[in-house]
Each structure stands twice: as structure tokens, then as C-alpha cells.
Student: 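Take this structure first; my questions come after.
Everything numeric in this text was worked out from a predicted model, so none of it was measured. All heavy atoms count here, side chains included; hydrogens, waters and symmetry mates do not.
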Amino acid sequence: MTYLGEEIKKLGFGLMRLPKNGEDFDIDQIKAMVDRFMESGFTYFDTAWVYPGSEDAIRQALVERYPRERYQLATKNAAWMNCETREDAIAQFDVSLKRTSAGYFDFYLLHNLGESRTDFFDRYDMWSFAQEKKRQGLIRHVGFSFHSTADELEEILTAHPEMEFVQLQLNFADWENPAIQSRACYEVARKHGKPIVVMEPVKGGMLATPPESVAEILRKADPTASVASWAIRFAASLEGIITVLSGMSNLEQMDDNISFMKDFTPLSVEEQAVLAEAQEALDSIPLIPCTVCNYCAKVCPENIGISGAFTAMNYLTLYGGREAAAYQGSWLIEGHGMKKPDQCIKCGKCEQVCPQHIAIRDELERTDRALFLPDAQ
């Protein structure tokens, strides 16, 4: 497909989870993965200033080994990370250019907009900086990645129609998730006519190993297809998609992705019905019925990250993996300036305003035991 004048196939190589030998990147395996990817006709590579060592690794594996016109390279600017001045923020661009030796970036993203992070890009006017670099020929296309609500995405796209594309977290598990709002964000981007790069189509690998009730539905429908393939094809089948990023960590994952994306065909009507059944199976798993309305947060005297804790607990229930769930919980709670569940004073004010009538105090205790105590299992 052609988007923004670029011919790009539907699978992109996400460079966030590259293979390592101990603490160092396995450059030989990364080179082999790049070769396999390119030989199969794929050309889109996605890294970021904030991915430790990734920009340098892709210089060695890709930039120094292939003609520049043969691929598209995307990287990102995280103005919210350790930047006290505009100069700090714009310096990230020069660092990325030096690390990659790419000469220019095909796609340059303002990274992880949403909530308080957006303010840094406004404060340092990174919008005009990116446009200036585009005029200089150092950027071909400017966009942003986004993690927040559909309403906030609407505000950003209305304020910045010059943005050419958006990168969104889209997957079948989060399609109606009130915390992620995949469908709603997708619809906002489409309303504004912005093509989309998809991130987290397999939800950080969780949809490659979903609950057994979900995996069984998918395996029964097609015993020859990997479970992960359903998630990637779901995202790739949506209208207006530039490419679907997969954070591949080894050749086996790459070979699997190439097997069903090299000659990509959208989901058939029958396959869409199978995924609808899988979504119903996910929805039937008992979860804390939090809709992230955050009425509780407005009355909590201790500023407990209630909805963030419940989102992380539901993640653990659905996919297992305590470490990943606890990491998500810490980001949603402490990363947003809130306190963990063990700081709850059990005043009960939250329960008085909860539209879902959740026993919040009991659920916070359960979440704390499951995710945050040192001996949690």
C-alpha cells in the first residue's frame, strides 16, 4: 500500500525488543533478522531515542549495510524525559541522527503524547521544530505516538492538523478497553484523515499466549496459524493502516510473522467471527469492573492510583506474568504521581462515588498482595 507517498508493506520491524547476548545486543542475529525482513520485501523499521542501544544497533545491522533508499527508518523524540529546556529536547534529534548515521528520518514521531507528557511538547514547541527539520530535508514525515483518551487525541489533532500520521495501540483485546480506548482512538484518527502506524498489536506479547479459553478458539479455527498471527492480522485488516509494528526478538518470531504477512490478506468474514468469539471469551473472564471513570480519584484524600492498580490487576488475571503486570501498575500509579494501594487509609469515600459499586478497599488489598508485596506470587 502507498501512504504519504511511501510504498510500505503491512509489517513493520519494531526495534524495542531486540535480541541480546547477556547485556549486549546480539548484532549477528539482528543482522540476520534485518536480512530476512528485507529479503521478504518489508522496509519499515521503528526505533526511538529512548530505547537503550536500539538506534546504535540498527545503524550496524541496517544503515551501514543497505542503500539508504531501500528502507524507511522511524525514530522518536521524548521531550518529557530528562528535558529541562527546549535545547535539551531538540538535542535528542541530533543524538538520534548521530547514533543511526541515517542522514535523515523517513518518519519522525513526537513520542508518547498524552496526559502531562503533551505539555512538554507544547512548552518546548517541538511541533515547529519538527516542521523546521522537515523543511531542511532531515525528516520526510512528522507524526506522533499516543497513549491516552480519544478526547485528548481529538484535541491534539484539532490543534495540530499538520501532523501527517499517528501511532496508536490497537489490538483486539483493547478494542473496547476503557483504559486504552483502541477503537475510539482509531475512529478519531480516521475522522481526521490521519493514517495510522499500529503499535502493541500483540499487547507486548500477551496475545501470543492469551488465556487458554481464547487460545483454544483460535487454534480450533485454524490449527496451522500461530495465535499471534490473529492479533497482527486483526490490526492489519483495519482501514487506513500504514503498517503494523511487531517487536520481534528472534528469527523464529520473524519467520512466523513473515509467513502470514508477506502476502497479506485481510481477515475474512468467517475469521472476523472467530475473533469476535475470542473477544467474548476474554470478556467473560471475571475482572474488576473498573471503567476508569476516576470518580474515585477525585475524592481520595491519599491520591491512591485506584484505576491504575485495577488495570494492572486485570492484566495479571487475563495474561499472567506478574512482573509485566507489576511494571504496568507502577507506571500507571507512580508514573502518574499517585500512591500504591498499601497507602490506602480505608476511609471508604471512593466506594461512595463508584458507579460500578466496586468494593474498592477489598480489591486494593487483593491487588497489593498479588502485585506489589515482596512475596507476592
Student: Would you say the ring centroid of F93 lies under 6.0 angstrom from that of F105?
Tutor: yes

Student: Classify the ring geometry of F107 against H141: parallel below 30°, tilted from 30° to 60°, perpendicular beyond 60°.
Tutor: tilted

Student: Out of curiosity, K9 NZ to F42 CZ, how far, rounded to the nearest 0.5 Å?
Tutor: 4.5 Å

Student: Strictly by modelled atom types, are Q72 and T43 linked by a side-chain donor-acceptor pair under 3.5 Å?
Tutor: yes

Student: So how far is it from I90 CD1 to K133 NZ, rounded to the nearest 0.5 Å?
Tutor: 7.5 Å

Student: I would like to know whether K203 and Y315 meet side-chain hydrogen bond (donor to acceptor under 3.5 Å, both in side chains); could you show each step before the answer?
Tutor: CA-CA 10 Å; K203 202 172 172 67; Y315 187 101; over 6 Å; no

Student: SG of C185 to CD of E154: how many Å apart, nearest 0.5 Å?
Tutor: 10.5 Å

Student: When you look at CD of E239, are more than 12 heavy atoms from neighbouring residues, nucleotides or ligands closer to it than 6.0 Å?
Tutor: no

Student: Does CD in E87 sit with more than 12 non-hydrogen atoms of other residues, nucleotides or ligands closer than 6.0 Å?
Tutor: yes

Student: Using a 4.5 Å cut-off on heavy atoms from C-beta on, say whether the side chain of Y71 contacts that of V63.
Tutor: yes

Student: In terms of heavy-atom contacts, does OH of Y295 have more than 12 from other residues, nucleotides or ligands at under 6.0 Å?
Tutor: no

Student: If you measure from the Lys or Arg side-chain nitrogens to the Asp or Glu carboxylate oxygens, is any gap between K134 and E164 under 4.0 Å?
Tutor: yes

Student: Within a reach of under 6.0 Å around NZ of K346, are more than 12 heavy atoms found that belong to other residues, nucleotides or ligands?
Tutor: yes

Student: Is F372 close to T367 at the side-chain level, that is, under 4.5 Å between some pair of heavy atoms?
Tutor: yes

Student: Just verifying a value: how many Å separate M248 CE and I30 CD1, rounded to the nearest 0.5 Å?
Tutor: 12.0 Å

Student: Check this for me, if you would: do R361 and E365 make a salt bridge, where the nitrogen-to-carboxylate-oxygen distance has to be below 4.0 angstrom?
Tutor: no

Student: Check whether the side chains of E55 and T47 place a donor and an acceptor atom closer than 3.5 Å, and report yes or no.
Tutor: no

Student: When you look at OH of Y327, are more than 12 heavy atoms from neighbouring residues, nucleotides or ligands closer to it than 6.0 Å?
Tutor: no

Student: Between E351 (side chain only) and I360 (backbone N and O only), is there a donor and an acceptor less than 3.5 Å apart?
Tutor: yes

Student: Report yes or no: does N77 contribute a side-chain atom to a donor-acceptor pair with the main-chain N or O of W49 at less than 3.5 Å?
Tutor: no

Student: Looking at R59 and R99, would you say the former's side chain and the latter's main chain have a donor-acceptor pair under 3.5 Å?
Tutor: yes

Student: Classify the angle between the aromatic ring planes of F146 and F144 as parallel (below 30°), tilted (30 to 60°) or perpendicular (above 60°).
Tutor: perpendicular

Student: Could you give the distance from CG (L170) to CG (L238), rounded to the nearest 0.5 Å?
Tutor: 6.5 Å

Student: Assess R183 against Y186: is NZ or CZ under 6.0 Å from the centre of the six-membered ring, and within 45 degrees of the ring's axis?
Tutor: no

Student: So, are R219 and E216 salt-bridged, with charged N and O less than 4.0 Å apart?
Tutor: no

Student: Quick one: does D88's side chain get under 4.5 Å of N82's, heavy atoms only?
Tutor: no

Student: May I ask you to decide if I241's main-chain N or O and K10's side chain share a donor-acceptor pair within less than 3.5 Å?
Tutor: yes

Student: Would you call R17 and E200 a salt bridge, using N to O less than 4.0 angstrom?
Tutor: yes

Student: Could you check T158 against H192 for side chain to side chain contact (heavy atoms under 4.5 Å, CB included), going step by step and ending with a plain yes or no?
Tutor: CA-CA 8 Å; T158 299; H192 284 265; 3.5 Å; yes

Student: Look up atom CG in L15 and atom CD1 in I58, then write down how far apart they are to the nearest 0.5 Å.
Tutor: 4.5 Å

Student: Decide yes or no for Q131 and H160: does some side-chain heavy atom of the first lie under 4.5 Å from some side-chain heavy atom of the second?
Tutor: no

Student: Within the distance-only criterion (no hydrogens, no angle test), does the side chain of N314 pair as donor or acceptor with the backbone N or O of I288 below 3.5 angstrom?
Tutor: yes

Student: Passes side chain to side chain contact (heavy atoms under 4.5 Å, CB included), I306 versus L364? Steps please.
Tutor: CA-CA 7 Å; I306 298 170; L364 284 176; 4.2 Å; yes

Student: Any luck finding a side-chain donor-acceptor pair between K349 and Q352 under 3.5 Å?
Tutor: no

Student: Using atom types as modelled and distance alone, determine if a side-chain donor or acceptor of N171 lies under 3.5 Å from a backbone N or O of V202.
Tutor: no

Student: Within the distance-only criterion (no hydrogens, no angle test), does the side chain of N303 pair as donor or acceptor with the backbone N or O of G337 below 3.5 angstrom?
Tutor: yes

Student: Do Y44 and L245 have side chains that approach each other closer than 4.5 Å (heavy atoms only, starting at C-beta)?
Tutor: yes

Student: Measure the shortest side-chain to side-chain distance between F260 and R233 over non-hydrogen atoms and say whether it is less than 4.5 angstrom.
Tutor: yes

Student: Is the closest side-chain heavy-atom distance between W175 and F234 below 4.5 Å?
Tutor: yes

Student: Keeping Q169 on the side-chain end and H147 on the backbone end, is there a donor-acceptor pair under 3.5 Å?
Tutor: no

Student: Pair H111, Q167 - check side-chain hydrogen bond (donor to acceptor under 3.5 Å, both in side chains), show working.
Tutor: CA-CA 9 Å; H111 190 185; Q167 186 161 306; over 6 Å; no

Student: Is the NZ or CZ atom of K20 positioned over F25's six-membered ring, under 6.0 angstrom from the centre and within 45° of the axis?
Tutor: yes

Student: When you look at W230 and F172, which way does the ring pair (Phe, Tyr, Trp, His ring centres under 6.0 Å) test go after all the steps?
Tutor: CA-CA 9 Å; W230 287 90; F172 73 82; 8.8 Å; no

Student: Just wondering, do N177 and S182 contact through their side chains at under 4.5 Å, heavy atoms?
Tutor: no

Student: For D256, does its backbone N or O pair with a side-chain atom of S259 as donor and acceptor, under 3.5 Å?
Tutor: yes

Student: For residues A173 and L207, report the shortest heavy-atom separation together with the two atoms involved.
Tutor: CB-CD2, 3.8 Å

Student: Could you go step by step and tell me if D368 and L373 meet the side chain to side chain contact (heavy atoms under 4.5 Å, CB included) rule?
Tutor: CA-CA 6 Å; D368 192 44; L373 292 181; 3.6 Å; yes

Student: Report the C-alpha separation of L11 and F37 in whole Å, then their side-chain angles, then the decisive distance to 0.1 Å, and conclude whether the side chain to side chain contact (heavy atoms under 4.5 Å, CB included) test is met.
Tutor: CA-CA 9 Å; L11 179 65; F37 192 72; 4.1 Å; yes

Student: Under the 3.5 angstrom rule, does the side chain of R36 hit a backbone N or O of A32 as a donor-acceptor pair?
Tutor: no

Student: Please tell me whether D56 and Q60 have a donor and an acceptor in their side chains that are separated by less than 3.5 angstrom.
Tutor: yes

